[in-house]
2 protein chains.
Amino acid sequence: MPRAGLSRDAVARLALDVVDAGGADGFAGLTLAQVASRAGVATPSLYKHVGSLAALRREVATRAVRELTAAGSRATVGRSGPDAVRALAHAWRSYAQEHPGRYAATQVSPDPDDPAQAEHREAAAESVAVAVAALRGFDLPDDGVIDAVRAARSAVHGFVALELGGGFRMPQDLDRSFEALVTMLVAGIAALVPQESR
Amino acid sequence: MPRAGLSRDAVARLALDVVDAGGADGFAGLTLAQVASRAGVATPSLYKHVGSLAALRREVATRAVRELTAAGSRATVGRSGPDAVRALAHAWRSYAQEHPGRYAATQVSPDPDDPAQAEHREAAAESVAVAVAALRGFDLPDDGVIDAVRAARSAVHGFVALELGGGFRMPQDLDRSFEALVTMLVAGIAALVPQESR
DNA sequence: GCTCACAGGCTATGCCTATTAGCCAACGGT
DNA sequence: ACCGTTGGCTAATAGGCATAGCCTGTGAGC
């Protein structure tokens, strides 16, 4: 009975592969059986490394969020203002296009009260911090920053979710529409700057 | 053995109730067993009225889309331009808040090739038509309309999805942030109007 | 180099889904 | 009153998660 040499980390990596292989709903379709099969192991064996399917899902989600954070961070370093926002928006969309399943994982929010989700919460907070940093170039008041981050996340996530879900059926160029959306977003954020500081 | 008096329509209604009772992921969590239980019937009996769980899901989705269309239509009749867009955005969000499960159902896109999904496709097209009509007041060129509809759907859907999913964790007022987003959207759409026709 | 505790596999089992097959009673038209 | 169709049912298959309990390979300590 040879050992497969699994570990919590190895299982999580395999799960990420499964999620990626499943397309846009690879995350929703993630199954312990698939991971076990990929690991060459019987399903119950996974419980030696992972508490439950839900726990594995959380693990996948926090890893995906960290990847998204890294992508956003890479894209915005050295940029500021409108330039940074544009770069961030494109980085988010690119990540979603390259890893639709992982992107979906990125969008489940951690329970604010569950201590088992502290890591996930922290990862999510870091991701938002990147967006906040990208907005530093604008002279926004505190609650303006909140509105702007929410608007940016909403606009990009909404577009990407509809795009990946096949929600845009017209043949017209999606890249151009996204560009238009980002332009609206940047202009809208700029318009949040109070009059006296323009 | 008394009869329960079910029908395709009755089953769909019960399914809508189940979806509604399940909160934001009531649609994903929809199960034949739940519907059967609510109908006071054994699970396999449902197959006399519904082809499969997937088919029931589609039925629920198209009904939900029609409801959303009706809500949008009600909200925008008699309005035009920025006023219509604002009203539409608020109608969409209100529907999502009142029926989180059904709203989720409205966001699955029909397969463009599957003849079994023709009704769903048609319902989705009508929903988009409402948005197009709401934009009539702007003097947009054809592809500008497409960009604008996509932007509106993206912005509102993104916000609502994040909101319902608990993605906004700051205590700041969500209504205000939504208002800010809608304002950006309206201004952005206005900015799509070509110079010479302003 | 031996022993032995433990970690990491396994099978068996239970309960939940969806789905199919086949039975039988109730209802409605003739 | 009959009888066919419709709409229930039970039984059974297959696949999912999860738990229990066994058994063996590995490595730490002597």
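In this text, all values refer to a predicted model and were calculated from it rather than measured experimentally. To find a chain, count down the sequence lines: A is the first, B the second, and so on, and within it residues start at 1.
In this structure B/A15 satisfies the side chain to side chain contact (heavy atoms under 4.5 Å, CB included) test together with B/L30, B/V35, B/L56, B/V60, sequence neighbours excluded. A search for ring-ring contact (aromatic ring centres under 6.0 Å, His included) contacts involving A/H90 returns A/F178, not counting sequence neighbours. Residues forming a ring-ring contact (aromatic ring centres under 6.0 Å, His included) with A/F27 (at least two apart in sequence, or on another chain): none.
A/S37 places no side-chain N or O within donor-acceptor distance of the main-chain N or O of A/A33, the cut-off being under 3.5 Å. With A/S109 contributing its side chain and B/G165 its backbone, the two residues share a donor-acceptor pair below 3.5 Å. For the pair A/S7 (side chain) and A/A10 (backbone), a donor-acceptor distance under 3.5 Å is present.
Protein atom CZ of B/R57 is 14 Å distant from nucleotide atom P of C/dT17, rounded to whole Å. Computed from coordinates, the B/L46 CG to C/dT17 P distance equals 12 Å when rounded to whole Å. For A/R3 and D/dC23, the CZ to P distance is 15 Å, given to the nearest whole Å.
For B/H49 and D/dG8, the shortest distance from a side-chain N or O to OP1 or OP2 is below 4.0 Å. The side chain of B/S45 places no N or O atom within less than 4.0 Å of a non-bridging phosphate oxygen (OP1 or OP2) of D/dG7.
A donor-acceptor contact closer than 3.5 angstrom is absent between the side chains of A/R57 and A/S52.
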Problem - A/L16 vs A/D20, side-chain contact (heavy atoms from CB on, under 4.5 Å): CA-CA, chis, key distance, verdict - result: CA-CA 6 Å; A/L16 281 169; A/D20 253 4; over 6 Å; no
Handout entry: Sugar-phosphate or base contact per nucleotide [nucleotides 16-22 of chain D; S, B, -; heavy atom under 4.0 Å]
Key = SSBB---
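Salt bridge annotation for A/R63-A/E59: present, with a cationic side-chain nitrogen under 4.0 angstrom from a carboxylate oxygen.
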So which protein nitrogen or oxygen atoms get under 3.5 Å of nucleotides 1-4 of chain D's nitrogens or oxygens?
none

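You'll find the side chain of A/F168 reaches within 4.5 Å of the side chain of A/L174, heavy atoms only.
One distance of note links CZ of A/R93 with CG of A/L181; it measures 10.0 Å at 0.5 Å rounding.
Of the residues in residues 19-29 of chain A, none lies under 4.0 Å from DNA chain D by heavy-atom distance.
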